[in-house]
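Owing to the predicted nature of the structure, the values given are computational and were not obtained by experimental measurement. Hydrogens, waters and symmetry mates are skipped; everything else that's a heavy atom, side chains included, is used.
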Amino acid sequence: APTPAEIFSTLNLRLSYMEDVALYKANNNKAIEDIQREKLVIGKASQSAEKVGLNKQSVVGFFQTQISAAKAIQYRYRADLLSQTETEKPRDLKTVIRPALIKLGKEINAKLAQYLKDGGTFTAQDWAAFETTIDSRYLKDTDKKALFKALTQIRLK
Ligand SMILES: C=C(O[C@@H]1C=C(C(=O)O)C=C[C@H]1O)C(=O)O
């Protein structure tokens, strides 16, 4: 069965793509927020929740919170890009990053379902590990708290 550490780490991996997303969008004159894409991401997460036996509404809430954190990282990094040049080329948004984000979303749901079916729970005891595992330089403690709260609210069907 997955461990909380493994689940937190997969969530962190999804968030770790967001600086590349921001750099790609800045280089291509694209807006950070893409509502059409958010609807697709939420729809995929809802489908995969259903498939693995998770309560859909709680999973949708969690993914909305992940998307908010994703955008917070992007806005803060894009502000930094106004005064610092970045010479690294980001991974391609359409062919590399977005497919990876969908795959990681499925992995997060599968691991969560296994963990909860095995009787696992998330409590205040897990916060310390969560807070250190989510390591984006652009996330504030308030962002991490919102993510942790949405995570603790996920339940089985
Ligand atoms: C990651 C992206 O940026 C934002 C965050 C999203 C996400 O976390 O899945 C989806 C759409 C965007 O509003 C993206 O455009 O793919």
Which pairs pass side-chain hydrogen bond (donor to acceptor under 3.5 Å, both in side chains) with one or both residues in residues 117-126, sequence neighbours excluded?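 Checked against side-chain hydrogen bond (donor to acceptor under 3.5 Å, both in side chains) - neighbours excluded - no pair reaches residues 117-126.
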Below 4.0 angstrom, N of the basic side chain to O of the carboxylate: do Asp80 and Arg76 qualify?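 Salt bridge flag = no for Arg76 with Asp80.
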side-chain contact (heavy atoms from CB on, under 4.5 Å) between Leu104 and Tyr17, intermediate numbers included: CA-CA 11 Å; Leu104 286 166; Tyr17 279 84; 3.7 Å; yes
For the pair Asn109 (side chain) and Ala45 (backbone), establish whether a donor and an acceptor sit closer than 3.5 Å, ignoring hydrogens and angles.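 At least one qualifying donor-acceptor pair exists.
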Sequence neighbours excluded - salt bridge (Lys or Arg N to Asp or Glu O under 4.0 Å) pairs with any residue from residues 18-36: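 Pairs touching residues 18-36 that pass the test: Glu19-Arg137, Asp20-Arg91, Glu33-Lys71, Asp34-Arg98.
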Pair Asp92, Thr95: side-chain N/O donor-acceptor within cut-off below 3.5 Å: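 Judged by distance alone, the side chains do pair up.
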Does a donor on one side chain and an acceptor on the other come within less than 3.5 Å for Thr133 and Asn12?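 Absent: no donor and acceptor within the cut-off.
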Please assess Gln66 against Ile108 for the test side-chain contact (heavy atoms from CB on, under 4.5 Å), listing each intermediate value before the final yes or no. CA-CA 11 Å; Gln66 288 183 64; Ile108 290 165; 3.8 Å; yes
Hey, mind stepping through Tyr115 and Phe122 against ring-ring contact (aromatic ring centres under 6.0 Å, His included) and telling me if it holds? CA-CA 10 Å; Tyr115 179 69; Phe122 296 106; 5.0 Å; yes
Apply the test side-chain contact (heavy atoms from CB on, under 4.5 Å) to residues Ile32 and Val21: give CA-CA distance (whole Å), side-chain angles for both, the deciding distance (0.1 Å), then the verdict. CA-CA 8 Å; Ile32 287 167; Val21 174; over 6 Å; no
Please walk me through it: do Leu40 and Arg37 pass side-chain contact (heavy atoms from CB on, under 4.5 Å)? CA-CA 5 Å; Leu40 185 143; Arg37 182 67 189 176; 3.6 Å; yes
For Ile134 versus Lys144, what's the shortest heavy-atom pair and its separation?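 That would be O-NZ, 2.7 Å.
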Throw together a table of side-chain donor-acceptor distances under 3.5 angstrom for residues 147-157, partners on residues two or more places apart or in other chains.
unit_1	atom_1	unit_2	atom_2	d
Thr152	OG1	Lys149	O	2.7
Lys157	NZ	Glu50	O	3.1
Lys157	NZ	Glu50	OE2	3.1

